[in-house]
Amino acid sequence: MSLAQVHYTSAAPGDEGTAGRFTAVGPGVSGALLAEIEPLLRYELPDSVPDRPSAGELRSLPQSFTYATLSDGSRLVSRSTPVRETSGGAGPGVRFHAHAVHLPPGVPLPGDRLPVEAWRSPHWVAVTPGGAIPDPLTLPPGPTAVSEGLDDFAVSRGPWLAAVLADLRRASGPKEPGGRPVVLVERQCADVARWLGLASVTLPRESAERLTFTTYTRRPGSSAARVAGVLPEDAEAARAAGLRVHVCTGQAPSGGGTDDVWATTAARVWRSRSPELFREARELPGEPFAAGPLAVTALCAGIALGPDERAAAAGWAADRPYALDAKRTGQLVEALASPGIDDRTGPEFDSVGRLFGALEGRCPASVTAPLAAMLVTEAVRGGNGSLELPHRDAFVGPEGAEVAGRLAPEILTELGDRAGPRSVARTVQLLRVARLLGVDGTDALPGVVDRLAPALLAEAEAEEESGKGAEGPPGFAPALLELLDEQFEVRTALLGALDRIAPQDPGAVARFLERVALPFTGTQALPHLRMCAEVPGAMATLGGDRAAVWHRVLRAAGLSPFAEPLVLRTAVGLVWEDRAPSVEEARLLLDAATSDSHRTAGTWARLVDAALSAPAAEPPTTGQSPASTDEAAALAHDLLRGFPGEIGGRERAGLLLLDLVRELRTGAPEPGWAETVRTLCAQADPVEPALRERAHAALVERLLAPDRPGAELYDFVHGDDADLIAAYDRTARTEAVRTRLRTQPAYAADCFTVWTAHPHAGRTWPPVAAALLDEVLRPAVRAMSPEDVAEVEATVGRTGSSGRADAFRTWNRSSTLGRLGRRIAGRVRRG
């Protein structure tokens with residue numbers, strides 16, 4: 001069918017107020033469409049055009065070749081070209097003429113050509129014709145001018161190629177770019193057309209047809225095209241407008257230009273002068289702009305690619321191992337495993353590992369052997385711990401022996417190296433590769449597992465503390481479990497090493513086993529590992545009953561503490577971790593095994609901590625045995641007897657202080673009680689507050705007893721120890737002492753004697769004694785019957801002297817007179 005053509009020319013000299021006019025309009029082009037078409041046809045000369053250009057200068061001016069879509073779905077292909085002004089008169093010597101072809105909706109271009117192919121058609125005209133002219137989109141047969149020389153042009157634009165193709169791909173998307181064209185800066189508008197020619201070959205057909213463009217404009221910011229060409233003089237204005245600008249002239253850009261793997265691959269194909277590969281790649285399954293099919297096609301054609309492109313090819317082929325025939329599969333493997341490649345990356349190796357897994361069993365081993373050799377070599381030399389290793393039968397013939405001979409010395413040297421730190425993943429990988437290649441590492445295995453066992457715990461703890469993988473197994477767990485499943489001798493040795501170190505830090509081992517389910521359900525004893533695995537369930541079931549948890553965990557060991565004392569240490573560390581047991585729990589532990597067992601296990605130190613950190617005991621109530629109130633003191637006595645050579649320093653002084661408490665309450669300690677308390681507190685410094693309170697309380701309770709030795713009381717009073725005297729004052733004011741004072745006249749007489757006997761003993765005692773007389777003893781005496789008061793007075797006289805009895809009468813009379821005086825004063829006030 002014949003397409004409607006439109007001609008438009010700039011205003012003639014003297015036509016004021018108009019930019020141009022239509023000089024010919026074909027049938028079917030409405031006035032509304034002409035209003036939409038007119039801005040697309042206008043042409044603005046560059047700034048540097050002389051008023052009267054020569055013929056050569058006129059030919060060098062840019063031509064605007066435009067492809068646009070209109071609001072009704074139709075399309076327009078046009079060429080606006082500068083022409084010499086022939087009407088004479090004043091004004092510039094250059095005008096422009098636009099020749100356009102209107103394509104109705106759904107009508108393809110003649111010959112099913114792409115718009116850019118009409119760029120150099122001989123049927124475009126620069127004057128309005130007097131009669132019918134051929135359709136400019138009807139091109140002569142054969143390659144068009146824009147397609148010729150694209151290979152050379154692509155090579156010349158190599159530094160910009162990938163970045164421009166990436167932006168052209170994005171610009172050709174189904175959605176409109178929102179009036180923000182990609183700007184190509186070239187000195188010749190023909191080169192902009194060549195960029196579009198590259199895009200028409202590289203992009204899928206539907207994408208290329210969506211790529212509207214203009215090869216030249218002075219105002220790209222207001223252009224509706226998706227691609228706009230500008231001269232270098234207008235590049236800065238395009239940047240200022242916030243457009244994506246590619247200056248494809250002058251100095252090449254630094255860096256790769258884009259991280260679009262498809263575009264990078266396409267650029268390498270163009271630089272290799274192999275555009276036919278784009279058609280081959282589009283025949284492979286995959287998304288239109290997936291890098292994998294194009295990268296596979298390029299590699300099979302012998303084109304060298306970078307690591308990202310090779311990774312894309314391997315990943316695509318791994319997902320679709322059925323998409324390639326045997327020939328292409330062999331070519332791809334050969335290209336990926338080429339010994340000349342020295343820039344492989346971790347992601348590339350991961351993709352190759354996936355490809356190997358997909359091809360293994362599907363292709364002959366002779367085809368996949370190069371991939372297997374490449375993977376194990378990287379596992380040893382590259383340190384890539386995430387690689388999926390091949391199976392033992394991956395090598396056939398001499399390939400396996402060659403790889404093993406090359407890598408075995410390196411594997412054994414690194415496994416035997418005790419100096420440098422080595423990660424768990426690295427060690428596991430080396431052990432797995434050694435087995436894969438048949439490398440005998442029996443001699444190195446004991447040292448390897450002795451280093452690997454603590455590294456497992458350390459890396460798991462570090463990963464948990466950093467917040468990575470805290471909710472699941474550590475990153476090395478899958479490979480570790482595969483190793484243990486593959487190699488019985490490694491599993492046996494590693495579990496034994498973990499069992500040996502578990503008593504040192506059972507909490508860390510227990511936390512590790514919660515995250516990694518190690519297979520130790522076999523015949524190995526492994527008492528400590530079994531205890532560590534048991535404790536979470538025991539705590540969840542038994543709750544806060546730590547004694548019950550301890551019994552259950554100890555039973556899980558399957559060994560008696562008498563036969564294996566270290567199970568004591570593991571059990572205590574699991575149940576109490578960094579806390580001290582209570583005194584009752586410590587007594588349970590002490591009675592559960594001999595002192596020799598605790599000595600071997602080192603658990604005696606936990607028992608010492610329990611005794612020293614016990615809270616202060618309550619003072620005995622009336623009728624209660626003092627010994628029954630202080631189990632910590634009794635525990636300290638037993639610990640001093642059971643571990644005389646182990647306990648020393650401040651811990652020994654603290655236990656001796658507790659043992660003195662026991663003797664003060666139940667026996668007859670050596671003389672010099674107060675001085676002994678002061679000395680032991682100094683030796684145990686920093687002494688626990690509860691322990692100091694316990695010792696002071698036991699001492700003053702004994703000093704407040706009527707049967708205490710006078711010498712001890714004298715030493716106490718004259719020692720002028722403010723802390724001890726304050727403890728005496730607190731105890732004397734307790735209800736137990738007040739009750740005894742009210743009900744036992746002899747005790748009241750004894751306290752009166754003591755509290756009045758040393759009026760000049762230092763600075764601390766006299767005010768405390770006076771306060772006790774007035775605030776504690778006086779209320780007790782007031783509550784007594786006259787007979788009991790008389791007995792107190794008589795007892796004071798018998799145990800002291802007549803002067804002491806007179807002092808009591810005077811003291812008691814002053815309190816009585818005081819009461820009488822207050823009563824009389826009250827009556828006077830009421831009268």
Side-chain angles (χ1 to χ4, degrees), residues 619-623 626 664-665 668 671-674 696-722 724-823:
T621 59
T622 303
L664 285 169
R665 287 177 170 165
W673 304 344
H696 288 184
L699 174 62
V700 298
E701 285 169 14
R702 188 64 184 275
L703 293 175
L704 279 166
D707 60 343
R708 80 272 178 237
E712 298 295 341
L713 184 62
Y714 182 87
D715 290 345
F716 166 74
V717 169
H718 288 268
D720 202 29
D721 189 312
L724 284 177
I725 293 174
Y728 183 96
D729 182 53
R730 289 191 300 271
T731 304
R733 295 173 184 273
T734 60
E735 188 58 32
V737 173
R738 291 177 184 271
T739 300
R740 188 185 296 174
L741 288 171
R742 289 194 302 269
T743 59
Q744 298 180 18
Y747 185 68
D750 181 66
C751 286
F752 177 81
T753 301
V754 171
W755 294 344
T756 59
H758 308 283
H760 305 295
R763 301 175 58 184
T764 307
W765 172 257
V768 170
L772 291 175
L773 284 170
D774 189 51
E775 299 167 10
V776 177
L777 184 58
R778 195 182 299 280
V781 172
R782 287 175 186 171
M784 289 180 180
S785 64
E787 293 80 6
D788 287 343
V789 174
E791 184 178 348
V792 172
E793 181 180 336
T795 302
V796 169
R798 286 195 306 270
T799 58
S801 63
S802 59
R804 182 75 64 184
D806 291 341
F808 176 77
R809 282 193 296 273
T810 302
W811 174 79
N812 191 37
R813 188 180 302 113
S814 64
S815 65
T816 304
L817 290 175
R819 290 198 303 274
L820 287 174
R822 285 191 291 275
R823 290 176 186 172

Give a yes or no on whether a salt bridge exists between R742 and E735, defined as a side-chain N under 4.0 angstrom from a carboxylate O.
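Looking at E735 together with R742, the answer is yes, because their closest N to O distance falls below 4.0 Å.
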Does D750 come within less than 4.0 Å of R708, counting only side-chain N to carboxylate O?
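Yes, this pair counts.
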Which of parallel (below 30°), tilted (30 to 60°) and perpendicular (above 60°) describes W755 and Y728?
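Taking Y728 first and then W755, their aromatic rings stand perpendicular (interplane angle over 60°).
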Rounded to the nearest 0.5 Å, what separation is found between the [atom1] atom of [X] and the [atom2] atom of [Y]?
{"X": "Q744", "Y": "M784", "atom1": "CD", "atom2": "CE", "result": "9.5 Å"}
{"X": "R782", "Y": "L777", "atom1": "CZ", "atom2": "CG", "result": "10.5 Å"}
{"X": "Y747", "Y": "T739", "atom1": "OH", "atom2": "OG1", "result": "11.0 Å"}
{"X": "H758", "Y": "T753", "atom1": "NE2", "atom2": "OG1", "result": "10.0 Å"}
{"X": "R702", "Y": "L713", "atom1": "CZ", "atom2": "CG", "result": "12.5 Å"}
{"X": "L772", "Y": "D729", "atom1": "CG", "atom2": "CG", "result": "5.0 Å"}

From CA spacing to verdict: side-chain contact (heavy atoms from CB on, under 4.5 Å), F716, D721:
CA-CA 8 Å; F716 166 74; D721 189 312; over 6 Å; no
So which heavy atom on [X] is nearest to which on [Y], and how close?
{"X": "E712", "Y": "W673", "answer": "OE1-N, 2.8 Å"}
{"X": "A749", "Y": "V796", "answer": "CB-CG2, 3.6 Å"}
{"X": "L741", "Y": "C751", "answer": "CD2-SG, 3.8 Å"}
{"X": "A761", "Y": "P766", "answer": "O-CD, 3.5 Å"}
{"X": "V776", "Y": "P779", "answer": "O-CD, 3.4 Å"}
{"X": "T764", "Y": "A722", "answer": "CG2-CA, 4.0 Å"}

Can you find a heavy atom in the side chain of [X] that is under 4.5 Å from one in the side chain of [Y]?
{"X": "D788", "Y": "E791", "value": "yes"}
{"X": "L664", "Y": "E701", "value": "no"}
{"X": "R733", "Y": "R738", "value": "yes"}
{"X": "R804", "Y": "T756", "value": "yes"}
{"X": "V737", "Y": "R740", "value": "no"}

Could you go through the side-chain contact (heavy atoms from CB on, under 4.5 Å) check for R778 and W811 one step at a time?
CA-CA 9 Å; R778 195 182 299 280; W811 174 79; 2.8 Å; yes
Check the pair V792 / F752 against side-chain contact (heavy atoms from CB on, under 4.5 Å), numbers first and verdict last.
CA-CA 9 Å; V792 172; F752 177 81; 5.7 Å; no
